[in-house]
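Scroll down for the structure; my scribbles are underneath it.
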There are 2 protein chains.
Amino acid sequence: MKFTTKSEYGLKATMDLAENFGRGPRTIRSIAENQGIPENYLEQLLSTLRRAGLVKSIRGAQGGYMLAGSPKEITIGEIIRTLEGSVAPKNCVDDENPEVCERAESCVTRMVWERLKDSINEVLDSITLYDLCEEAKKMCSANSFMYYI
Amino acid sequence: MKFTTKSEYGLKATMDLAENFGRGPRTIRSIAENQGIPENYLEQLLSTLRRAGLVKSIRGAQGGYMLAGSPKEITIGEIIRTLEGSVAPKNCVDDENPEVCERAESCVTRMVWERLKDSINEVLDSITLYDLCEEAKKMCSANSFMYYI
DNA sequence: GAAAAGCCTAGAAAATTACTTGGGATTTGT
DNA sequence: ACAAATCCCAAGTAATTTTCTAGGCTTTTC
C-alpha cells in the first residue's frame, strides 16, 4: 500500500511551482536540481500534469512550467490521482478502468476497498497546495526560531 | 497506491475462517479451493498471520487453521497490516522501519502521508471480520431475493 | 542560426510481487 | 509401525511494475 515516487516527486515539483507562483516559468532542470529529482523522469511527470490541465508550459528558451491556477485552487488529490492513475486500493474499485470481479465473495471485500478509496480521496481533496505552502512556512520559521536561541 | 493480493487473499481466507468459526479447523487446501487462491502462496500468508497471533493452526492429519479469536475481536486492520507490513503510503511514515528523509522540503509532504496513514488505519480498524460476515449475509439474501422474483 | 528550453517515444535497469518447488516435521488412523 | 494428511519452512523463479535513461524532434529567444 505504497504511493510511488510519482506522487512524491509530483508533490515536490508542484510545491516548488506554488512557492514561485506569479514569478514566471521555472525550468524542469531547476526544479529537478532543487528537489533532487531525476530530470528526465520529472519531465514525464510534468507532461502528465500538463495534459491533465494542472500545470502549463512555455516552450523555447526562457520557457518552463507554471501552475495552471492559483495554489488555493489546486488540491493534492488532483495531483496524486493524475500521476498515480487512481488512488483505488484495488482495481475492482478503480473508477477509470474498473475490473469486474467474478466471485460473490469479493463483493464484501470490495466494500472495504470502496470505503478506503473514499477516505483517501477525502483527505487528499481537503489539502491544497496553498495549505502545504503555509505549513512549510510555519515549519521554516519554527526551525529558525529554534536555531537562533 | 494499490494493496497487493496479500490483502485480498488474506481477507478472503480469514473471512472463510470467520464463517466457519467454532466448527473445527479448515485446511489450507479447502480455503484455497473455495476462494480461488494459489495453495502454496496462501500457506505463506496464513503462516504470517499465525506468527502474528491472528490465526492458529493444528498440525498433522485432520489439522488446519482457525481464527485465534472471535470474528468480533479481529479487525481487518490487523490482518492487512500484518500481511502488507504497514499501510504507510510512504516509508518515511512507516512505524516499523521508518526511513528518515534528508530534505526539509519532504517534511511538508510527509505530513500528507501521515494524515493518510491515520485515515486508512481508522477505516480498517473500524471493521471487524464479524461486520464483514454480516454484510456478506445481507448481500447473499438480497441476491437470492432478486433471483427468485 | 545557435542555444535553451519543452515534447515525445522506446527501451533498459531495478525493484517488487506473485507464485512454485521441494524437502521437512507432526499427527491421526489402521 | 507405517501411510496418509496436514502444517512448516526456505530458496528460487517468473511476472509485473516502477524508475530511470537515451536520443531525436520542435519551438522560442537572442
Side-chain angles (χ1 to χ4, degrees), chain A residues 1-10 12-13 17 24-33 35-68 80 82-86 88-91 94 97 99, chain B residues 1-13 17 24-33 35-68 80 83-86 88-91 94 97 99:
Chain A
M1 189 60 179
K2 292 278 181 285
F3 276 119
T4 68
T5 57
K6 286 179 189 170
S7 293
E8 180 190 335
Y9 292 165
K12 286 182 176 177
L17 294 181
R26 296 257 302 151
T27 64
I28 295 175
R29 172 160 298 163
S30 58
I31 301 173
E33 278 172 3
Q35 307 289 337
I37 302 172
E39 198 175 320
N40 291 322
Y41 193 37
L42 177 59
E43 186 185 318
Q44 291 173 28
L45 305 181
L46 285 172
S47 235
T48 304
L49 292 173
R50 178 178 52 78
R51 273 178 244 121
L54 294 168
V55 301
K56 57 188 177 185
S57 65
I58 296 175
R59 299 183 69 167
Q62 267 63 46
Y65 278 93
M66 301 176 283
L67 288 186
I80 289 179
T82 298
L83 291 173
E84 299 282 349
S86 150
K90 273 286 169 188
N91 286 332
D94 189 333
N97 38 327
E99 201 173 71
Chain B
M1 190 60 180
K2 291 279 181 287
F3 277 118
T4 68
T5 57
K6 286 179 191 173
S7 293
E8 180 189 336
Y9 292 166
L11 263 194
K12 286 183 176 176
L17 294 181
R26 297 257 300 152
T27 64
I28 295 176
R29 171 161 298 162
S30 58
I31 301 173
E33 277 171 4
Q35 307 289 337
I37 303 173
E39 197 176 320
N40 292 319
Y41 193 39
L42 177 59
E43 187 184 318
Q44 290 172 30
L45 305 181
L46 285 172
S47 233
T48 304
L49 292 173
R50 179 179 51 77
R51 272 179 244 121
L54 293 168
V55 302
K56 56 189 179 185
S57 66
I58 295 175
R59 299 182 68 167
Q62 265 65 45
Y65 277 92
M66 300 176 284
L67 288 187
I80 289 180
L83 291 173
E84 300 280 349
S86 151
K90 273 284 168 188
N91 287 332
D94 189 334
N97 39 325
E99 201 174 72

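Lettering of chains follows the sequences in order, A, B, ..., and the numbering in each one begins at 1.
Between B/Tyr9 and C/dC19 there is a side-chain N or O to OP1 or OP2 distance below 4.0 Å. Close to D/dC8, at under 4.0 Å from its OP1 or OP2, lies a side-chain N or O of B/Ser57.
Rounded to a whole Å, the CD atom of A/Glu39 is 14 Å from the C1' atom of D/dG23. When rounded to the nearest whole Å, the span between CD1 of B/Ile58 and P of C/dT28 equals 9 Å. Distance A/Tyr41 OH to D/dT17 P: 14 Å, rounded to the nearest Å. Distance A/Leu46 CG to C/dA5 P: 15 Å, rounded to the nearest Å. To the nearest angstrom, C1' of D/dT19 lies 12 Å from CD of A/Glu8. The nearest whole Å value for the distance from the CD atom in A/Glu84 to the P atom in D/dT17 is 14 Å. Rounded to an integer number of Å, the gap from A/Lys2 NZ to D/dT17 C1' is 16 Å. C/dC19 atom P lies 14 Å from atom CG of B/Leu83, rounded to whole Å.
Looking at which nucleotide of DNA chain D each of A/Lys6 and B/Arg29 is closest to, the 5′-most match is held by B/Arg29. For the pair B/Asn40 and A/Met1, both in contact range of DNA chain C, the more 5′-proximal nearest nucleotide belongs to A/Met1.
Among the protein residues, B/Phe3 comes within range of no part of the nucleic acid, since none of its heavy atoms lies under 4.0 Å from any strand. Within the nucleic acid shown, B/Ile28 comes within 4.0 Å of sugar-phosphate atoms alone, with no base atom in reach, counting heavy atoms only.
In this structure, the nucleotide among C/dA18, D/dT18, C/dG6 sitting nearest to the side chain of A/Thr4 is D/dT18. Here the side chain of B/Arg51 is nearest to one of D/dT18, C/dC19, D/dC9, namely D/dC9. Distances from the side chain of B/Arg50 to the nucleotides C/dT20, D/dT19, D/dC9 place D/dC9 closest.
Distance check, rounded to the nearest 0.5 Å: CD of B/Glu43 to OH of B/Tyr65 gives 6.5 Å. Taking OG from B/Ser7 and CG from B/Leu83, the interatomic distance works out to 6.5 Å, rounded to the nearest 0.5 Å.
Side-chain N or O atoms of A/Lys2 include one that pairs as donor or acceptor with a backbone N or O of B/Ala88 at under 3.5 Å. No donor-acceptor pair closer than 3.5 Å links the side chain of A/Glu39 to the backbone N or O of A/Ile28. Under the 3.5 Å distance criterion, the side-chain polar atoms of B/Thr5 are left unmatched by any main-chain donor or acceptor of B/Glu8. Here the side chain of B/Glu84 pairs no donor or acceptor atom with the backbone of B/Phe3 at under 3.5 angstrom.
Put simply, the side chain of B/Met1 does not reach to within 4.5 Å of the side chain of A/Pro89, judged on heavy atoms.
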Atom pairs under 3.5 Å: protein N/O with N/O of nucleotides 1-4 of chain C:
{"unit_1": "C/dA4", "atom_1": "N3", "unit_2": "A/Ala61", "atom_2": "N", "d": "3.3"}

Atom pairs under 3.5 Å: protein N/O with N/O of nucleotides 11-16 of chain C:
none

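A donor-acceptor contact under 3.5 Å is not formed by the side chain of B/Arg59 with the base of C/dT27. Residue side chain B/Glu43 does not reach the base of D/dC7 through any donor-acceptor N/O pair under 3.5 Å, judged by distance alone.
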